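Notes follow the structure.
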Amino acid sequence: MRLRAAGQFQAALALARARERVLAEDPRTAGWQLAEARFDRDALVRIVSAPESVRRAFALAESLVPDDVRTEENWGRTLPALRTQLASRSRLLGEEHPDVAATRSALARVECALGDAAAARVWDELALACRRRAFGEVSPWVAESNDQLGRDWKLSGYSRETAFGYFERAERVARRVCDPNSRELGRVVLDFANVHRQMNKREKCYALFREALAIARRAEGDSSLTAAEVLADWGVSCVRFGDDDEAIAHYREAIRLMDGAADTMRPALPMALHSLGTLLARRGQLVEARVLLRRAAEVQERRHSRMRPDQGRSLVAPIAAWADCAFAMLQLGDSTSAFETLQRSVARGTLERRFDPAALASDSVWTGLGGRLGNSLPESTALIGWLESRPSSHLRYPFFGFVLRRGAPVRWVRFDDPAPDSPEWADLWTSEFRNSLRASAAWPVGVEPTPDLDSMATVLWRLRIAPFEPELVGVRDLLVLSSSVNNALPLEIAKGPDGRWLSDRFAIGYVPSALLLAHDLDSPPRARAWGTNALLVGAPRPVRPTPGDIPLLEAGTELSLLHARLPRALLLRGAAASEARMRELARDGRLAQFDLVHFATHHKHDLAFSGDAAIVLAEANAVSKRAAARFDSTDGRLTIDELESWRLSARLAVLATCQSMGMRDMRGDGLNGHATAMQHAGAHCVVASLWNADDRATALLVDHFYAELLAPGVRAATPVRALQRARIAVRDWHDSNGRQPYRHPVYWASFVLLGHPW
């Protein structure tokens with residue numbers, strides 16, 4: 001392989017033929033080994049037989065790929081290099097050659113490490129199918145592909161059972177074909193141990209960790225980094241099963257081993273530091289906990305700086321240890337620093353598109369943030385948020401909330417457990433409420449408010465708002481520091497003891513970052529009359545509509561009414577509402593000139609893989625996704641990655657589509673939807689939906705929203721207040737029979753405002 005990588009193809013071919021002869025004559029040779037040798041020889045024959053220009057191009061493509069695709073500092077150049085290698089190998093060796101499968105597997109490893117489970121799953125499934133055909137069911141390569149597919153499914157968090165099945169097959173094959181002391185077997189055993197943790201199988205989990213540790217020590221010695229990584233993962237499992245003393249011992253030993261290694265940037269080190277710090281904080285050992293957590297955060301920052309090639313949302317790593325460090329600071333009485341430290345853990349993907357990433361890693365940009373923000377807030381505005389410590393899988397009480405008002409220091413309030421005998425009650429209740437709202441939004445079936453809804457809305461107020469009440473006197477605009485919109489459960493539908501919806505009392509907006517808000521208040525986006533330069537996109541006519549799609553009957557009316565209010569806007573409607581046209585506007589730089597962008601289309605989403613989510617445009621279903629990806633053609637699916645590649649400067653973007661906020665929290669950087677992508681692309685304020693949006697109710701809400709926003713003179717409302725009034729108008733709307741069909745909050749509370757509220 002080294003000769004081939006060096007371009008010495010004739011010498012490599014001679015060795016490959018000799019190897020094949022030796023293996024063919026040895027009766028102990030496994031079938032997969034002989035098949036591998038034959039494929040290696042076949043590849044070199046094709047390379048040697050190719051014209052000189054083809055060989056040179058092939059050698060160049062091979063040389064672009066780093067030796068270790070798992071190394072984080074290589075990721076920025078590894079992805080395009082692997083894609084080039086894939087195209088080169090496919091042309092010369094054919095789509096079914098195992099070398100092509102190896103490149104697909106390498107692409108999957110990088111995509112999985114970057115957090116894009118959707119892309120990883122596609123590559124790994126293709127690699128596994130090819131390897132099965134080439135080597136049969138029993139080979140190290142089939143074990144590797146099964147193991148990686150298990151990682152893909154585990155990363156998605158969608159189906160532990162599916163992940164378990166892949167890991168189980170990987171382990172079964174690896175035990176048959178791998179050396180008992182090999183790293184390959186150790187990796188598979190470690191992955192299998194981790195999935196047993198997720199399946200709550202304690203004894204089997206611990207037995208596999210003991211085996212993985214023994215393999216690592218036999219293969220690399222007692223002080224190996226692999227042994228440290230096994231110990232760190234074992235510590236996570238001990239926390240899961242309540243064995244905190246054992247977890248602390250494993251974490252301390254893992255940190256000792258990694259501190260003595262040359263490479264201290266492996267992900268296991270900050271994980272062990274972070275986990276040990278949270279455990280010690282929980283035990284009241286706050287001084288040591290703060291030291292460990294700050295160190296963990298600083299290592300996370302260094303790792304983050306090495307993996308930032310601006311490749312989209314999947315490359316954004318959370319600096320999660322800052323939040324737990326803030327918790328320790330608050331417990332030690334340092335409330336001001338706790339607020340500033342907490343802010344370092346959130347919305348990094350958005351922040352790094354607006355600020356110098358190096359500055360975000362330093363202390364200077366955060367120091368004094370609370371005072372600067374407090375001096376900039378309007379008198380009738382309050383900023384609220386929460387500092388939650390989650391050292392285990394469920395919400396742990398007590399946690400703390402903060403309130404910031406004009407001219408006042410940050411005030412912290414304590415939230416105590418409403419059900420101390422049931423520690424997971426709050427998490428279970430939150431999931432139940434959120435799921436019930438999504439189920440109720442399965443339009444076109446109409447729903448009415450129920451006593452259960454009122455009860456849940458009252459519990460939401462008690463869990464999230466009640467301790468804040470003394471600090472909210474005189475507040476009109478309530479800004480919530482939560483890029484995930486309170487984990488996709490909007491505060492608008494909380495009900496206080498007076499029976500009023502919170503959205504009636506306050507105009508509520510969500511801001512992803514205190515730093516971003518402070519910056520926008522100090523230097524707001526250039527204000528011009530709304531609609532001076534607007535883009536309206538919607539009511540596309542797909543070339544081949546998907547069976548089962550519900551027509552957006554009101555989208556055309558919505559756009560017509562909006563265009564009447566904004567006659568100077570660029571209107572892309574029907575066949576003109578195409579991905580090709582959007583790409584043209586992006587290429588020409590015109591997208592950055594629009595102050596207001598509005599979409600009224602279908603939205604496709606995938607619970608497991610956010611990479612499959614898309615705004616549906618006119619070319620939908622005319623081109624396969626694979627063809628579009630391969631030939632850079634358009635498929636009418638505006639994905640999150642595509643949107644993030646845009647450059648916007650819009651003061652306001654409205655996504656009048658279903659579930660455009662996304663479904664899952666991307667670890668502190670917002671929900672995994674197009675709304676966060678819009679912010680990453682440069683939009684200052686985004687209005688988007690949390691669940692399926694009823695066509696008629698959405699059209700009503702949009703019409704009332706723009707009526708308030710575009711009212712003449714002093715009657716014009718800010719975006720946050722325009723949305724508040726639009727919600728009330730939809731909820732109180734009467735049809736021709738005098739009924740109020742949209743009283744349920746699924747109709748009027750789906751759309752929320754994220755970003756600069758004014």
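As the structure is a computational prediction, the values presented were derived from the model and not from experiment.
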Margin query: What I'd like to find out is whether the side chain of L570 reaches to under 4.5 Å of the side chain of R581, using heavy atoms alone.
Written below: yes
Next item on the list: Working to the nearest 0.5 Å, report the span between OG1 of T601 and CG of L655.
Entry: 8.0 Å
Next item on the list: For R372, check side chain to side chain contact (heavy atoms under 4.5 Å, CB included) against everything at least two apart and list the hits.
Entry: L369, L515
Check: Does the E558 side chain pair with the main chain of D703, one donor and one acceptor, at a distance under 3.5 Å?
Finding: no
Next item on the list: List the atom of S560, the atom of R573, and the distance in Å for their closest heavy-atom pair.
Entry: OG-NH1, 2.8 Å
Item checked: H598 side chain near L652 side chain, heavy-atom distance below 4.5 Å -> no
Checklist line | S645 side chain to E642 backbone, donor-acceptor under 3.5 Å | finding: yes
Note to self: Test your reading of the model: is there a side-chain donor-acceptor pair from H680 to the backbone of T350, 3.5 Å cut-off?
What the structure shows: yes
Notebook entry, point to check: W733 vs Y742 aromatic rings, parallel, tilted or perpendicular, using cut-offs 30° and 60°?
Noted result: parallel
Item checked: Candidate list R721, R725, R565, R727, test salt bridge (Lys or Arg N to Asp or Glu O under 4.0 Å), partner E708, passing option -> R725
Next item on the list: Keeping the roles fixed (side chain from W748, backbone from I728), state whether a donor-acceptor pair exists under 3.5 Å.
Entry: no
Next item on the list: With side-chain contact (heavy atoms from CB on, under 4.5 Å) as the test, would you mind laying out the steps for E111 and L79 before giving the verdict?
Entry: CA-CA 8 Å; E111 294 284 15; L79 279 176; 3.8 Å; yes
Checklist line | Partners meeting side-chain hydrogen bond (donor to acceptor under 3.5 Å, both in side chains) with W501 (sequence neighbours left out) | finding: none
Next item on the list: Starting at CG of L643, measure out to CD1 of I640 and round the result to the nearest 0.5 Å.
Entry: 8.5 Å
Notebook entry, point to check: So do the side chains of L596 and Y706 get within less than 4.5 Å of each other, counting heavy atoms only?
Noted result: yes
Check: Just one of L516, L383, L753, V480 clears the side chain to side chain contact (heavy atoms under 4.5 Å, CB included) bar with V511, so which one?
Finding: L383
Next item on the list: Could you pull out the closest heavy-atom pair between R348 and R344, with the gap in Å?
Entry: NH1-O, 3.0 Å
Note to self: To the closest 0.5 Å, what do you measure between CG (L481) and OH (Y510)?
What the structure shows: 12.0 Å
Checklist line | Full working for side-chain contact (heavy atoms from CB on, under 4.5 Å) between R587 and E584 | finding: CA-CA 5 Å; R587 242 186 344 260; E584 179 187 338; 3.9 Å; yes
Next item on the list: Determine yes or no for a side-chain-to-main-chain donor-acceptor pair under 3.5 angstrom, with N375 supplying the side chain and G371 the backbone.
Entry: yes
Checklist line | Side chain to side chain, R405 and V475, heavy atoms closer than 4.5 Å | finding: yes
Notebook entry, point to check: Below 4.0 angstrom, N of the basic side chain to O of the carboxylate: do E579 and R583 qualify?
Noted result: yes
Margin query: Looking at every non-hydrogen atom in both residues, tell me the closest pair between A514 and L373 and how far apart they are.
Written below: CB-CD2, 3.9 Å
Notebook entry, point to check: When rounded to the nearest 0.5 angstrom, what distance separates CZ in F751 from OG in S660?
Noted result: 6.0 Å
Next item on the list: Tell me, please, which residues at least two apart from D735 pass side-chain hydrogen bond (donor to acceptor under 3.5 Å, both in side chains).
Entry: R739
Next item on the list: Grab the two heavy atoms, one from A749 and one from I493, that are nearest each other, plus how far apart they are.
Entry: CB-CG2, 3.5 Å
Notebook entry, point to check: If only atom types and distance count, is the side chain of D694 paired as donor or acceptor with the main-chain N or O of Y747 below 3.5 Å?
Noted result: no
Notebook entry, point to check: Roughly how far apart are N435 CG and T430 OG1, rounded to 0.5 Å?
Noted result: 10.5 Å
Note to self: Counting C-beta onward and ignoring hydrogens, is there a side-chain heavy-atom pair between R354 and Q679 closer than 4.5 Å?
What the structure shows: no
Notebook entry, point to check: Would you say W646's side chain and A586's backbone share a donor-acceptor pair under 3.5 angstrom?
Noted result: no
Next item on the list: Run the numbers on L617 and L572 for side-chain contact (heavy atoms from CB on, under 4.5 Å), then give the verdict.
Entry: CA-CA 10 Å; L617 296 174; L572 302 180; over 6 Å; no
Notebook entry, point to check: What is the minimum heavy-atom distance between A697 and V730, and which atoms define it?
Noted result: O-CG2, 4.1 Å
Next item on the list: Measure across L404 and G370 and return the closest heavy-atom pair with its distance rounded to 0.1 Å.
Entry: CD2-O, 3.8 Å
Margin query: Quick check against the 3.5 Å criterion: does S649 have a side-chain atom that pairs as donor or acceptor with the backbone of A592?
Written below: yes
Next item on the list: Check whether any side-chain heavy atom of L690 lies under 4.5 Å from a side-chain heavy atom of P490, and answer yes or no.
Entry: yes
Margin query: For R500, is there any backbone N or O sitting under 3.5 Å from a side-chain donor or acceptor partner on R505?
Written below: no
Checklist line | R438 and N692, any side-chain heavy atoms less than 4.5 Å apart | finding: no
Next item on the list: Compute the ring centroids of H674 and F599, then answer whether they are less than 6.0 Å apart.
Entry: no
Check: Taking the side chain from H704 and the backbone from V702, do they hold a donor-acceptor pair closer than 3.5 Å?
Finding: no
Notebook entry, point to check: When rounded to the nearest 0.5 angstrom, what distance separates CG in D595 from CG in L648?
Noted result: 11.5 Å
Checklist line | 4.5 Å side-chain heavy-atom contact, P757 and L517 | finding: yes
Margin query: Set out, in order, the CA-CA distance, both residues' side-chain angles and the distance that settles side-chain contact (heavy atoms from CB on, under 4.5 Å) for L489 and L437, then state yes or no.
Written below: CA-CA 9 Å; L489 196 59; L437 289 168; 3.7 Å; yes
